[in-house]
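Shown next, in structure tokens, is the structure this report addresses.
Chain letters run A, B, ... following the sequence lines, proteins first and then strands; every chain starts at 1.
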4 protein chains.
Amino acid sequence: MPEQDLVYLAARMNVQSDTPSKKEAILKTTLDLIKDNGFHGTPISLIAKKAGVAAGTIYHYFPNKDAIIIELHKVIKEQMASAMFSEAGTKKEYKQQFFDGWMNLVRYFINNPSALIFIQQFNSSPFVKLASAGDTKASVNKFYEFFQAGMDKGYLKQMEYKLIAAAVFGCITSVANYHVGGRYNFKNEDLCKVANIMWDGIKYRSAKV
Amino acid sequence: MPEQDLVYLAARMNVQSDTPSKKEAILKTTLDLIKDNGFHGTPISLIAKKAGVAAGTIYHYFPNKDAIIIELHKVIKEQMASAMFSEAGTKKEYKQQFFDGWMNLVRYFINNPSALIFIQQFNSSPFVKLASAGDTKASVNKFYEFFQAGMDKGYLKQMEYKLIAAAVFGCITSVANYHVGGRYNFKNEDLCKVANIMWDGIKYRSAKV
Amino acid sequence: MPEQDLVYLAARMNVQSDTPSKKEAILKTTLDLIKDNGFHGTPISLIAKKAGVAAGTIYHYFPNKDAIIIELHKVIKEQMASAMFSEAGTKKEYKQQFFDGWMNLVRYFINNPSALIFIQQFNSSPFVKLASAGDTKASVNKFYEFFQAGMDKGYLKQMEYKLIAAAVFGCITSVANYHVGGRYNFKNEDLCKVANIMWDGIKYRSAKV
Amino acid sequence: MPEQDLVYLAARMNVQSDTPSKKEAILKTTLDLIKDNGFHGTPISLIAKKAGVAAGTIYHYFPNKDAIIIELHKVIKEQMASAMFSEAGTKKEYKQQFFDGWMNLVRYFINNPSALIFIQQFNSSPFVKLASAGDTKASVNKFYEFFQAGMDKGYLKQMEYKLIAAAVFGCITSVANYHVGGRYNFKNEDLCKVANIMWDGIKYRSAKV
DNA sequence: AATGAATGAGCGTTCATTCAT
DNA sequence: TATGAATGAACGCTCATTCAT
């Protein structure tokens with residue numbers, strides 16, 4: 001079910017209509033094109049053509065090309081948080097929460113390769129500076145809070161939570177990237193193994209739990 | 001000594017002269033500019049100006065702009081391998097080799113932020129397709145061989161070596177990126193902690209070694 | 001009372017309503033915007049926004065953008081004639097009529113800088129060709145008749161009346177422009193001095209009245 | 001001999017070559033096109049075509065379109081000063097200097113209608129603000145000095161010299177404009193008559209010389 | 001080998017105008 | 001009447017690449 005989440009989410013952005021709005025079409029098209037061609041290989045004229053709108057129309061919904069990127073970033077970040085913590089409400093063991101979150105996020109990336117590639121391009125482009133200051137603190141915090149809570153409750157090794165976050169997040173995207181890029185076709189149990197690696201690495205005492 | 005390695009390596013590429021050749025100047029300049037402006041924010045004219053050559057001259061050394069990127073990628077990949085396994089000749093314990101390699105690579109990235117940013121941009125750009133086929137098998141293999149050997153000798157958990165490679169490499173770049181991007185200023189002991197996480201995660205039995 | 005005249009005149013264009021009609025609002029807004037931004041710095045979308053109407057509405061009142069310009073030109077030309085000869089009915093000496101007309105027109109421009117700037121832009125733009133043929137003969141004639149009458153009655157030097165008209169009109173706009181453009185802040189007596197220059201220049205015999 | 005002066009002047013800008021340089025061709029072409037189409041009716045693409053260069057080439061000589069306008073303005077201002085005071089070195093009576101300067105400038109405009117139209121468009125466009133601060137003080141001063149000197153020596157009526165300057169300059173351009181615009185075909189003696197008007201207007205005592 | 005003027009396709013963006021509502 | 005979303009031609013400008021010198 002590739003890219004399902006994105007379509008679903010996008011559809012919810014416009015409550016009144018069943019047909020996807022122009023704005024959604026533009027966002028979705030841009031994301032797809034970026035996957036294949038990169039930011040700069042994706043001219044407005046191409047977005048317009050593939051989205052079935054006139055080039056000028058894009059400028060009714062976005063002040064400029066960068067704004068499309070920024071908005072895409074925001075949407076995807078929210079989807080990532082949404083995917084990771086989808087069952088967070090249920091009272092599960094911490095370890096289970098970690099495994100579920102891990103697998104959810106990897107699966108999100110594998111099902112939405114455009115999102116993975118976008119996020120990685122974004123994070124290694126001059127855009128990061130524009131966006132990091134801004135809008136997605138909420139979703140980022142959720143991520144950090146989870147690890148902080150794990151340390152506070154004694155499940156995880158004590159350390160700066162950013163260290164764990166960097167390690168875990170880098171690991172997830174890297175694995176997903178191997179898969180998406182076709183370098184290796186990870187099966188579900190493979191993904192579990194990597195989750196195990198990370199859990200064994202970060203849990204409080206190597207011998208227990 | 002930031003960016004030292006690159007200069008050094010570059011210098012060795014041209015055996016005959018003590019002064020850096022034009023080709024080296026072009027490569028070095030391009031790398032620096034990409035750090036600040038990204039691939040597409042780095043026009044040939046700017047490279048020419050900063051490198052002190054005419055735009056046309058660049059086309060004596062490279063058939064087109066993409067070729068500069070491809071070559072830079074090759075050079076940096078070699079440097080990374082070189083950095084990781086610099087003391088590999090000495091007979092050390094496997095665990096020590098892992099820690100040394102880990103720290104060496106992180107330090108390489110922290111000392112050569114341009115290289116880190118370049119590699120990440122490269123890996124999330126349409127260029128990957130052009131390059132992965134080609135030239136860097138040797139250095140990549142070294143990386144893989146190390147993990148395969150670890151599994152064969154019983155130091156590491158048994159699994160597809162690409163899984164470990166993806167996890168470890170993704171983790172390293174992510175941590176280095178946090179540091180380089182200024183999101184967190186990791187001290188040496190912080191980096192050790194992350195190495196520990198990974199080692200605890202991948203070693204054969206959590207309780208031993 | 002800057003720009004008062006225009007509002008007043010505009011209001012009279014629509015006899016039925018006390019509130020300014022949409023057409024008037026469009027004309028007035030366009031004139032104001034042109035003062036600050038020039039013809040081509042004044043897009044229809046901006047006129048619409050500032051005039052409080054939809055862009056499409058403008059096309060109910062004018063066939064295209066040029067037509068707004070043409071109509072503005074006509075309105076302002078009429079205002080200029082109106083301003084110059086406002087007290088013409090009273091029987092005054094010819095010299096006094098000249099001075100009054102002169103001062104009236106300069107004051108009109110100083111009180112309606114938008115009109116001055118518009119007229120000058122118009123006269124030095126490709127629009128002149130479109131307009132001169134057309135609609136404003138009446139007001140132009142009044143201007144010419146005044147000078148012709150002055151020559152016929154022996155008050156002015158004999159010459160092609162267009163020469164005098166060009167000289168006097170060019171002089172007035174130039175002086176008003178210095179003032180409006182902020183290059184010099186002319187007092188009332190200054191303006192009188194320039195009127196005197198022109199009168200001394202054009203009167204029949206230098207020694208007499 | 002239309003536009004002769006401009007060609008001549010332009011040729012002198014590039015001392016080494018007999019053939020007009022690209023830069024000169026761009027300037028000259030732009031001036032011609034502006035006469036017929038106005039600033040905004042003169043796209044870069046048209047300038048390029050008529051000047052026989054590629055559009056991109058224009059950007060080797062000027063940073064942007066505005067810069068062409070600014071430079072044209074500077075060149076024309078210098079030509080105007082040059083035209084007016086061409087025989088200023090010879091010791092002539094003040095009145096004669098005035099007449100000569102007057103006639104020279106009118107003739108310059110009549111022979112270079114593009115320059116006249118350009119100057120008028122420029123002076124009634126948002127460009128004025130950019131340029132008035134800047135570069136042409138020298139030529140402007142010459143103009144003012146001449147009138148100031150006339151007052152100091154008792155040849156002219158005492159008043160703020162800007163008043164006289166505004167009156168005289170406005171008069172000249174207006175007259176030339178009538179001629180160039182085809183509204184009236186002034187003969188040489190006509191132009192003399194207007195010069196006489198201005199002289200009679202500004203000279204110290206109406207009865208004397 | 002080295003230059004840098006010249007090219008022109010292609011970019012992001014604007015805006016006068018249309019038309020379904 | 002009035003709207004404003006939609007259009008798409010046209011704009012100013014960039015930049016990888018070429019080539020005469």
So if I take every side-chain heavy atom of Pro43(B) and compare against dT3(F), dT3(E), dC15(F), which nucleotide ends up nearest?
dC15(F)
Counting only side-chain heavy atoms from C-beta out, which of dA2(E), dT17(E), dG12(E) sits nearest to Asn64(C)?
dT17(E)
Nearest to side-chain heavy atoms of Lys65(B), which nucleotide of dG12(F), dT17(F), dG8(E):
dT17(F)
Using the closest heavy atom to pick a nucleotide of DNA chain E for each, name whichever of Gly56(C) or Phe39(A) lands nearer the 5' end.
Phe39(A)
With under 30° as parallel and over 60° as perpendicular, where do the rings of His73(A) and Phe122(A) fit, or are they tilted in between?
parallel
For Glu24(B) and Ser21(B), indicate whether the former's side chain and the latter's backbone hold a donor-acceptor pair under 3.5 Å.
yes
Examine the base of dA6(F) for any acceptor or donor lying under 3.5 Å from a partner atom in the side chain of His60(A), and report the outcome as yes or no.
yes
Under 4.0 angstrom between Lys22(A) side-chain N/O and dA6(F) OP1 or OP2:
yes
Counter-base of dA1(E), judged by Watson-Crick or G-U geometry with both distances under 3.5 Å
none
Spacing between Ile26(D) atom CD1 and dA5(E) atom P, to the nearest angstrom
13 Å
Check the phosphate of dA2(E) against Tyr61(B), side-chain N and O only, distance under 4.0 Å to OP1 or OP2. Yes or no?
yes
Atom-to-atom span, CZ of Phe62(B) to C1' of dA1(E) - whole angstrom:
15 Å
First encountered from the 5' end of DNA chain F, between His40(D) and Gly41(B)
His40(D)
As its Watson-Crick or G-U partner within any shown strand, both distances under 3.5 Å, dA20(E) has dT3(F)
NZ of Lys50(C): more than 12 outside heavy atoms within 6.0 angstrom?
no
For dC15(F), does OP1 or OP2 lie under 4.0 Å from any side-chain N or O of Ser45(B)?
no
Interatomic distance, Ile47(A) CD1 vs dG10(E) C1' [rounded to whole Å]:
15 Å
Out of dT13(E), dT17(F), dT3(F), minimum distance to the side chain of Ile44(A) belongs to dT13(E)
Ranking dC11(F), dT7(E), dT13(E) by distance to the side chain of Tyr59(A), first place goes to dT13(E)
5' precedence on DNA chain E between Gly52(B) and Ala55(D) (nearest-nucleotide basis)
Gly52(B)
